[in-house]
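To start, the structure under review is shown below, and the notes come after it.
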Amino acid sequence: MIDEQAETKLILARLAPLFTAQWHCQYRIDVVNNPYGAAINFFLDIRRTHHRERSIPLHTVATQDLEVLERVVWGIRQETALTLNFVNFGHVRWPRSQRWIH
């Protein structure tokens, strides 16, 4: 069984030293569904003006359970105002709210 709070704390702990507010810089968290590895990957995407885009791996949650993912994402949204970008989820809804994942 996966401890969602521990997963959330680990992602936020790895995010903290990488996030330094700078001028002309955009930050985003990419949440990527990996159906072949049966996992969900989290990346920090950094875009600076006149620089190449960087994608830094934060953590991999070893589950495909959307209820677990929903609780992890909720915990991340409580602690940071960064945009979350959901990649490779297809046409599915969150289990609790029944809103589309996008």
> In terms of hydrophobic clusters joined by side-chain contacts under 4.5 Å, are Leu10 and Phe42 together?
Replying inline: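 No, separate clusters.
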
Once rounded to the nearest 0.5 Å, what's the spacing between atom [atom1] of [X] and atom [atom2] of [Y]?
X	Y	atom1	atom2	result
Asn33	Ile101	CG	CD1	8.5 Å
Arg14	Leu44	CZ	CG	13.0 Å
Thr63	Glu4	OG1	CD	9.0 Å
Leu82	Phe19	CG	CZ	5.0 Å
Ile40	Ile2	CD1	CD1	9.5 Å
Leu18	Ile56	CG	CD1	5.0 Å

>> Within a 6.0 Å radius of atom CD on Gln64, are there more than 12 heavy atoms belonging to other residues, nucleotides or ligands?
In response: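 Enclosed.
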
> Can you tell me if CD on Gln5 sees more than 12 non-hydrogen neighbours from other groups inside 6.0 Å?
Replying inline: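 No.
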
Measure the shortest side-chain to side-chain distance between [X] and [Y] over non-hydrogen atoms and say whether it is less than 4.5 angstrom.
X	Y	result
Ile29	Leu15	yes
Phe89	Leu69	yes
Ile46	Cys25	yes
Glu7	His59	yes

> Does Val87 sit in a hydrophobic cluster with other residues, and if so which ones, taking ILVMFWY side chains as linked at heavy-atom separations under 4.5 Å, directly or through other members?
Replying inline: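 Traced through the cluster, Val87 reaches Val32, Phe43.
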
> When you look at Tyr27 and Thr20, which way does the side chain to side chain contact (heavy atoms under 4.5 Å, CB included) test go after all the steps?
Replying inline: CA-CA 9 Å; Tyr27 294 92; Thr20 56; 3.6 Å; yes

>> For Leu12 versus Gly75, what's the shortest heavy-atom pair and its separation?
In response: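 Shortest heavy-atom separation between Leu12 and Gly75 comes out as CD1-O, 4.3 Å.
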
> Which heavy atom of Ala62 sits nearest a heavy atom of Ala39, and at what distance?
Replying inline: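 In this case the closest contact between Ala62 and Ala39 is CA-CB, 4.2 Å.
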
> Okay, side chain of Arg47, backbone of Glu53: is any donor-acceptor separation there less than 3.5 Å?
Replying inline: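 Side chain of Arg47 to backbone of Glu53, a donor-acceptor pair under 3.5 Å: no, none is there.
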
>> Thr60 vs Asn41, test: side-chain hydrogen bond (donor to acceptor under 3.5 Å, both in side chains). Steps then yes/no.
In response: CA-CA 4 Å; Thr60 298; Asn41 299 313; 2.8 Å; yes

>> Suppose the criterion is side chain to side chain donor-acceptor pair (under 3.5 Å): which pairs have a residue in residues 79-102, not counting sequence neighbours?
In response: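 Residue pairs passing side chain to side chain donor-acceptor pair (under 3.5 Å), neighbours aside: Asp30-Asn85.
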
> Given the rule in the side chain to side chain contact (heavy atoms under 4.5 Å, CB included) test, do Thr8 and Trp74 qualify, once you have shown the distances and angles that lead to the verdict?
Replying inline: CA-CA 9 Å; Thr8 302; Trp74 184 83; over 6 Å; no

